[in-house]
Amino acid sequence: MTVVSRGFQHDSDVLTRQVDRQLALLRAASPSPESALAERLAACLRELIESTTRASASDRARVRAAVHYFVLRSGHHRHHDRAPAQRSLVADQRVVNEVALHLGRPDLVVKGAQIAA
């Protein structure tokens, strides 16, 4: 039992580090109007990660998918001669909010981003 619990906690720790690393990259890129939204999304994702550590595999998979969506900000890296297109954090907000609502956590819905894409 302990081994399984450590596995779930390890997965949660990895996801949290991914969120924190992405947030640090966004902060370092340049201050923007999206900075506050990025902070709120990261906080929401951290809470979802923590609250689903011992949840069903499907719920953990939803949270993992939302984290990966947040972390994988740019397009495919096939074209090395040009910078990949960055999507707006509003798209991330939509995905994170959908997962929060699906998991019965309307308290974690990130509101207030009316940023043009």
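Excluded from the calculations below are hydrogen atoms, water molecules and symmetry mates; all remaining heavy atoms, backbone and side chain alike, are included.
Within the model, atoms CG of D13 and CD of Q18 stand 11.5 Å from one another, a figure rounded to the nearest 0.5 Å. Taken to the nearest 0.5 Å, the NE2 atom of H68 stands 7.0 Å off from the CZ atom of R64. T53 OG1 to R60 CZ: the interatomic distance, rounded to the nearest 0.5 Å, is 9.0 Å. Rounding to the nearest 0.5 Å places CD of E47 at 10.5 Å from OG1 of T16. We find the OG-CG distance between S88 and L37 to be 7.5 Å, quoted to the nearest 0.5 Å.
With hydrophobic clusters built from ILVMFWY side chains whose heavy atoms lie under 4.5 angstrom apart, L23 does not share a cluster with V99. When hydrophobic clusters are built by joining Ile, Leu, Val, Met, Phe, Trp and Tyr residues whose side-chain heavy atoms come closer than 4.5 Å, directly or via intermediates, L103 is grouped together with I49.
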Verdict with reasoning, Y69 to V96, per side chain to side chain contact (heavy atoms under 4.5 Å, CB included): CA-CA 9 Å; Y69 193 83; V96 170; over 6 Å; no

R94 vs E98, salt bridge (Lys or Arg N to Asp or Glu O under 4.0 Å): CA-CA, chis, key distance, verdict: CA-CA 6 Å; R94 182 186 48 79; E98 286 176 9; 3.5 Å; yes

Side chain to side chain contact (heavy atoms under 4.5 Å, CB included) evaluation trace for R27 with S35: CA-CA 7 Å; R27 285 176 182 149; S35 296; over 6 Å; no

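Side chain of N97 to backbone of V110: a donor-acceptor contact under 3.5 angstrom is found. Within the 3.5 Å criterion, the main-chain N or O of K111 finds a donor-acceptor partner in the side chain of R40. Between the side chain of S56 and the backbone N or O of D59, at least one donor-acceptor pair lies under 3.5 Å.
L89 has its side chain within reach of F70: a pair of non-hydrogen atoms, C-beta onward, lies under 4.5 Å apart. Using a 4.5 Å heavy-atom cutoff, the side chains of S51 and R105 are in contact.
Comment: D20 does not engage R17 in a salt bridge, judged by the lack of any side-chain N to carboxylate O separation of less than 4.0 angstrom.
Just one of V71, L72, L45, V67 meets the side chain to side chain contact (heavy atoms under 4.5 Å, CB included) condition when paired with Q22; it is V71.
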